[in-house]
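Working notes, structure below.
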Amino acid sequence: RCKKEARGGYCVSSTADNRAAQDRLLLGSALRESLAKGMLNLHYQPQVDIKTGRLYGVEALSRWKHPTLGNIYPSRFIAVAEDTGQIETIGTWSLEEATRQINEWERQGLHVPTVSVNLSAAHFRNRGLPALIERILKERKLTPERLCVEITESVMMDENEDTMAGLAAIRNLGVGLSMDDFGTGYSSLSRLTRLPLTEIKIDRSFIMNLEHDPNAQAVTTAVIGIGNRLNMTVVTEGVETEAQLKLLRGLHCDVVQGYLFARPMAPDALLQWATGPEMERVSVMARDVLNE
Ligand code: C2E
Ligand code: MG
Ligand code: MG
Ligand code: MG
């Protein structure tokens, strides 16, 4: 386990490993308590259709503010949830909460066409997932296209029959199915054509380098082209500059999500954003790019 030790040297990593494992357990029980008390929240980040300048949908992202530990980001607690058997609880809660919120916005006068929820690979091994989604949609009286499920390439690459049957069953409900962080895993393009996807999200790492790295531009161009040909919506995430937006527009990208337009926001802030001058500013920005 420790290379230094194997070479006969001094090694501290096993105690460090123990400490990391201990931290994870502590964080795991704090998470269990917070989940039970309903102390997690969802924030929502707008996705903008850059051809029309209108709101395409929002992505729901989990937020955890612990009373003494402070803000803990999903990059940390989602892994803890996976390790401590709580990822299905989080997935089910996000589905219920996001669909409750889309109805709440509707009552407040804001129509959000679609809400996207992130689900982990582990949740897909549960055969009950499609039925759970069906039940939630029914309870919320929502048509299926109001919900989209985001999964990473690891789910798509899982040759497991239950996973594949689950993907097909979810797609058959009419719910959107999005491949998140595309380009960071090992999926092949031929595989892409055989999966019941409605959407591809190009990973932020490509967008980040779009202006200066010809390779990132080549990959982005190819993925947008293939997505369009396969009748999938292509979403680019992590768009932070107008220069990136202009490039993406030229490449016929459909939907943009990133700090350039807005950060993930609490539900009330999203309502203000989408119904006020911010949405107008974003629409104008998208249209200006169109007219150039
Ligand atoms: P993701 O699904 O790829 O979500 C996009 C992440 O990029 C979010 O980070 C978002 O805040 C961030 N982001 C959006 N636009 C920009 C930008 O312009 N610049 C930069 N630098 N970042 C941007 P966040 O909220 O910290 O989430 C991280 C990851 O944690 C998510 O990546 C997702 O994989 C996972 N995650 C979040 N919530 C959930 C959840 O409820 N369930 C599961 N299973 N995973 C979740
Ligand atoms: Mg996502
Ligand atoms: Mg992503
Ligand atoms: Mg990402």
Side-chain angles (χ1 to χ4, degrees), residues 31 34-35 38-48 56-65 71-101 114-126 129 133 147-156 176-185 187 197-211 220 223 233-245 248 253 255-266 269-270 273 282 285:
L31 181 60
S34 290
L35 272 168
M39 280 163 53
L40 264 71
N41 293 302
L42 289 177
H43 278 194
Y44 300 88
Q45 187 176 32
Q47 302 172 318
V48 177
Y56 170 82
V58 297
E59 178 176 11
L61 295 154
S62 295
R63 294 290 178 263
W64 179 23
K65 188 177 181 183
N71 282 321
I72 302 159
Y73 275 86
S75 50
R76 198 161 158 223
F77 75 76
I78 292 298
V80 170
E82 281 168 350
D83 287 355
T84 56
Q86 304 182 74
I87 199 63
E88 291 195 26
T89 309
I90 291 186
T92 303
W93 164 77
S94 332
L95 287 166
E96 278 172 343
E97 177 59 17
T99 51
R100 189 195 62 73
Q101 188 58 53
T114 303
V115 63
S116 289
V117 170
N118 293 282
L119 292 181
S120 289
H123 210 154
F124 274 84
R125 281 177 224 124
N126 183 333
L129 183 62
I133 293 174
L147 178 67
C148 177
V149 169
E150 291 192 10
I151 47 210
T152 55
E153 285 175 72
S154 61
V155 179
M156 297 296 186
L177 211 50
S178 177
M179 186 187 270
D180 203 354
D181 303 336
F182 187 71
T184 57
S187 49
L197 295 169
T198 58
E199 183 180 288
I200 309 175
K201 296 185 84 171
I202 303 181
D203 191 63
R204 185 164 69 87
S205 55
F206 297 102
I207 309 308
M208 221 163 58
N209 298 320
L210 207 53
E211 288 155 77
T220 305
V223 175
T233 304
V234 179
V235 180
T236 43
E237 59 182 355
V239 177
E240 295 185 354
T241 69
E242 277 195 63
Q244 290 165 348
L245 177 64
L248 289 167
C253 171
V255 179
V256 164
Q257 178 183 349
Y259 293 172
L260 174 66
F261 290 155
R263 294 190 173 243
M265 293 172 273
L270 190 283
W273 185 91
V282 162
M285 203 192 293

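Counting convention: from 1, in listed order, for ligands and their atoms alike. We count residues from 1, following the sequence as given. What you see is a predicted model, and the numbers here were worked out from it, not measured in a lab.
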Problem - Contact check: Asn118 vs ligand 1, nitrogen or oxygen atoms, below 3.5 angstrom - result: yes

Practice task
Please report the C-alpha distance between Tyr56 and Thr114 in whole Å, then the side-chain angles of each, then the deciding distance to 0.1 Å, and finally whether the side chain to side chain contact (heavy atoms under 4.5 Å, CB included) criterion is met.
Solution key: CA-CA 7 Å; Tyr56 170 82; Thr114 303; 5.6 Å; no

Handout entry: From Ala122, Ser94, Pro74 - option closest to atom 37 (C) of ligand 1 by heavy atom
Key = Pro74

Practice task
Using a 4.0 Å heavy-atom threshold (strictly under), name the region of Arg63 that reaches ligand 1: side chain, backbone, both or neither.
Solution key: side chain

Handout entry: Pairwise distance CG(Asn71) to NZ(Lys65) - rounded to 0.5 angstrom
Key = 6.0 Å

Exercise for the section: Any atoms of ligand 1 less than 4.0 Å from a non-hydrogen atom of Gly258? List them with their elements. Expected result: 15 (N), 18 (O)

Handout entry: Numbering as shown, the atoms of ligand 1 that approach Glu240 to under 4.0 Å (heavy-atom distance)
Key = 17 (C), 18 (O), 19 (N), 20 (C), 21 (N)

Exercise for the section: Taking the six-membered ring of Tyr73 (Phe, Tyr or Trp), confirm whether the NZ or CZ of Arg76 is under 6.0 Å from its centre and within 45° of its axis. Expected result: no

Practice task
Give, for atom CE of Met265 and atom CG of Leu42, the distance between the pair rounded to the nearest 0.5 Å.
Solution key: 14.0 Å

Practice task
Check the Mg ion (ligand 2) and write out every protein N, O or S atom at under 2.8 Å, as residue and atom.
Solution key: Glu59 OE2, Asn118 OD1, Glu150 OE1, Asp180 OD2

Practice task
Compute the minimum heavy-atom distance from Lys201 to ligand 1 and say whether it is under 4.0 Å.
Solution key: no

Practice task
Just jot down the side chain to side chain donor-acceptor pair (under 3.5 Å) partners of Arg125, sequence neighbours excluded, or say none.
Solution key: none

Problem - Sub-4.0 Å atoms of ligand 1 with respect to non-hydrogen atoms of Ser120 - result: 44 (N)

Handout entry: Residue portion contacting ligand 1 (non-hydrogen atoms closer than 4.0 Å) for Asp181
Key = side chain

Practice task
Could you establish whether His43 and ligand 1 come within less than 4.0 Å of each other, counting only heavy atoms on the residue side?
Solution key: no

Practice task
Walk me through it: do Leu31 and Gln86 pass the test side chain to side chain contact (heavy atoms under 4.5 Å, CB included)?
Solution key: CA-CA 9 Å; Leu31 181 60; Gln86 304 182 74; 3.9 Å; yes

Problem - Residue Glu237 vicinity, atoms of ligand 1 by number, heavy atom under 4.0 Å - result: 3 (O), 5 (C)

Handout entry: Numbered atoms of ligand 1 (with element) below 4.0 Å of Asp180, judged on heavy atoms
Key = 1 (P), 2 (O), 3 (O)

Problem - Location of contacts on Pro264 toward ligand 1, heavy atoms closer than 4.0 Å - result: side chain

Completion exercise
Honestly, for Gln257 the part within reach of ligand 1 (heavy atoms, under 4.0 Å) is neither

Handout entry: Min N/O separation Ser75 to ligand 1 under 3.5 Å
Key = no

Handout entry: Proximal ligand 1 atoms for Arg204, defined as those under 4.0 Å from one of its heavy atoms
Key = 19 (N), 20 (C), 21 (N), 22 (N)

Exercise for the section: For Ser62, check side chain to side chain donor-acceptor pair (under 3.5 Å) against everything at least two apart and list the hits. Expected result: none

Exercise for the section: Using the side chain to side chain contact (heavy atoms under 4.5 Å, CB included) rule, take Val239 and Phe261 through it: C-alpha gap first, then chi angles, then the decisive distance, then the call. Expected result: CA-CA 8 Å; Val239 177; Phe261 290 155; over 6 Å; no

Problem - Heteroatom distance test (Gln45, ligand 1): nitrogen or oxygen, under 3.5 angstrom - result: yes

Problem - Whether Glu153 side chain and Thr184 backbone form a donor-acceptor pair below 3.5 Å - result: yes

Problem - Donor-acceptor pair between Ser120 and Glu82 side chains, under 3.5 angstrom - result: yes

Fill in the blank from the handout: Per side chain to side chain donor-acceptor pair (under 3.5 Å), Glu59 is matched among Gln45, Gln257, His43 by Gln257

Handout entry: Val239: numbered ligand 1 atoms lying under 4.0 Å from its heavy atoms
Key = 18 (O)

Practice task
Mind checking side chain to side chain donor-acceptor pair (under 3.5 Å) for Ser178 and listing every partner two or more places apart, or none if nothing turns up?
Solution key: Glu199

Practice task
May I ask you to decide if Ala60's main-chain N or O and Asn118's side chain share a donor-acceptor pair within less than 3.5 Å?
Solution key: yes

Practice task
Considering only NZ, NE, NH1 and NH2 on the basic side and carboxylate oxygens on the acidic side, decide whether Glu237 and Arg204 come within less than 4.0 Å.
Solution key: no

